[in-house]
Number of protein chains: 2
Amino acid sequence: MEDEPIIREVLVEYMEIAGYSVFVATDGEEAMRLVDHENLDLAILDIMVPKYNGFEVLNYIRLSHNKHIGVLMLSALDDVNSQVHAFNDTADDYIIKPVSPIILLKRMETLLRRVKSQISWQEGLKIDHEGYRALYNGIPLKLTLSEFLLLQVLYQSPHRVFSREQLILNIFNEDYIGNDRIIDAHIKNLRKKLPFNCIKTIVGVGYQFQKEEAYEVKK
Amino acid sequence: MEDEPIIREVLVEYMEIAGYSVFVATDGEEAMRLVDHENLDLAILDIMVPKYNGFEVLNYIRLSHNKHIGVLMLSALDDVNSQVHAFNDTADDYIIKPVSPIILLKRMETLLRRVKSQISWQEGLKIDHEGYRALYNGIPLKLTLSEFLLLQVLYQSPHRVFSREQLILNIFNEDYIGNDRIIDAHIKNLRKKLPFNCIKTIVGVGYQFQKEEAYEVKK
DNA sequence: TTTAATCTTCATCACATCTTCATACCAACG
DNA sequence: CGTTGGTATGAAGATGTGATGAAGATTAAA
């Protein structure tokens, strides 16, 4: 996306000569449609565009099926706040216009190098954030609200270890007063309902969502 | 690396407050030494520094054992050639000075997010600090907490010899009272679980981590 | 109000992990 | 060749933590 047609033409041509397939959207809505219907590796988002702005598209991407794609924000705004906003929303780069086409291309390729080497660890388990549902191969699991919230937090940051305290903060309001061990109880119930054992205990630390099984100890 | 001491101080403090371990080099040679002797996740390279410049350090990194780390080039040079040069040499970002510390931090974190997500498939032994995991060729080893912490400390500074006392301070709370030899026991158990004999005993002194390439694979 | 679902606490148990210790081993040295 | 100082190792006991089921409390639904 790029709000000035002529510059956009140049950039697109540049990228196509370099061997990339390029899709162009003229507003945020169209961009979202591309996210849904094309298998993108990278998105270049102009912030100031009609319908939905770049930040909104960015957030849409990160909640989408293709959330791992590289996102490069493009803007005439040189202020710190806008940049911090972009990075906080997990943009991968922020480029201030006007930009030399060659530098844009180099930054694209640099990001692609990192993006391409990622693997998607997700398999059958999906979280429907809006619907408060966890789906396994499309079939919803019957979770209580606490169980769902617990799974959601763990699932969103796979392999990150959350202490019981952190989980309590994430799941309940921060004014919760009660025993740490409430987490144990919910974990127990959640584990029973999950089709595979993906919640691992880190003794003395907390719990994490994990995909791979660990090596067995050699004898 | 940063050629102006005062600015560097501010940045380092900023990063440490944000929770990162920071090593500072004042010239290219020292930077290369850090690449060899610390297990870095990210390098911020000033281009104009003594002994070896930032580009030379970048190339050194990409040919090194830690070639996958994120590299962020920092320079007062605003010209296209220098930037293209950096990206061609597979830098991951190029920031023009002066830069707001918060933006530098955000760009660091953004890059780290991409670097870290590559951990899981990288060859060899990798430590996932956040996830309390040690990965061998992407597959987690089943370590206890003490074993993990032990490996983490040793791995963080390869070739540095740690006394039992130092290791106890790093692994347990400082109020630990007990036999030194607890370390021996954990080392023994840890060695059994590691695919390489990478923990070497320095008789009369302590233990050190040796980089795996120097060793034979266990049968 | 009654009923059902969900949350929360608690006591008990099982097991992972830690720690010590005794013995075996090894290298250096006289 | 034996002694010394140090480490490796396996076993066994001690400790601590999490798992679990039951039961009461709370909340929501009927």
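The figures here come from the full heavy-atom set of this structure, side chains too, leaving out hydrogens, waters and symmetry mates. Proteins get letters first, then strands, A, B, ... in listed order; numbering begins at 1 in each.
The listed nucleotides are C:dC7, C:dC18, D:dA19; the one nearest the side chain of B:S146 is C:dC18. Among the nucleotides D:dG18, C:dC7, C:dC18, the one closest to the side chain of A:R164 is D:dG18. Of the listed nucleotides (C:dT8, D:dG18, C:dC18), D:dG18 has the atom at the smallest distance from the side chain of A:V203.
Side-chain atoms of B:K188 come within donor-acceptor range of the base of D:dG10, with a qualifying N/O pair under 3.5 Å.
Across all their heavy atoms, A:I47 and A:S82 have their closest contact at CD1-OG, 3.9 Å. Residues B:S146 and B:H186 come closest through the heavy atom pair CB-CE1, 3.7 Å. Nearest approach of A:D92 to B:R113, heavy atoms of both residues: OD1-NH2, 4.1 Å.
A donor-acceptor pair shorter than 3.5 Å cannot be found between the side chains of A:N81 and A:H85. Between the side chains of B:Y52 and B:N59, no donor-acceptor pair of N or O atoms lies under 3.5 Å.
For A:T201 and D:dT17, the shortest distance from a side-chain N or O to OP1 or OP2 is not below 4.0 Å. Within the structure, a side-chain polar atom (N or O) of A:T144 is placed less than 4.0 Å from OP1 or OP2 of C:dC7. Contact between the side-chain N/O atoms of A:R191 and the OP1/OP2 oxygens of D:dT20 is not found at any separation under 4.0 Å. Between D:dG6 and B:Y207, no contact under 4.0 Å exists linking OP1 or OP2 to a side-chain N or O.
Look at CG on A:N189: it is 14 Å from P on C:dT9, rounded to the nearest Å. A straight line from CD1 of A:I171 to P of C:dT8 spans 10 Å, rounded to a whole angstrom. Going from atom CG of B:D180 over to atom P of C:dC18 covers 17 Å, rounded to whole Å. To the nearest angstrom, C1' of D:dA22 lies 16 Å from CG of A:D184. The distance between atom CG of A:L190 and atom P of D:dT20, rounded to the nearest whole Å, is 12 Å. In this structure, B:L149 atom CG and C:dC18 atom C1' are separated by 13 Å, rounded to whole Å. Put simply, CD1 on A:I177 is 17 Å from P on D:dA25, counting in whole angstrom units. In this structure, B:I199 atom CD1 and D:dT7 atom C1' are separated by 14 Å, rounded to whole Å.
Contact annotation for A:R181: base contact, defined as any heavy-atom pair under 4.0 Å involving a base atom.
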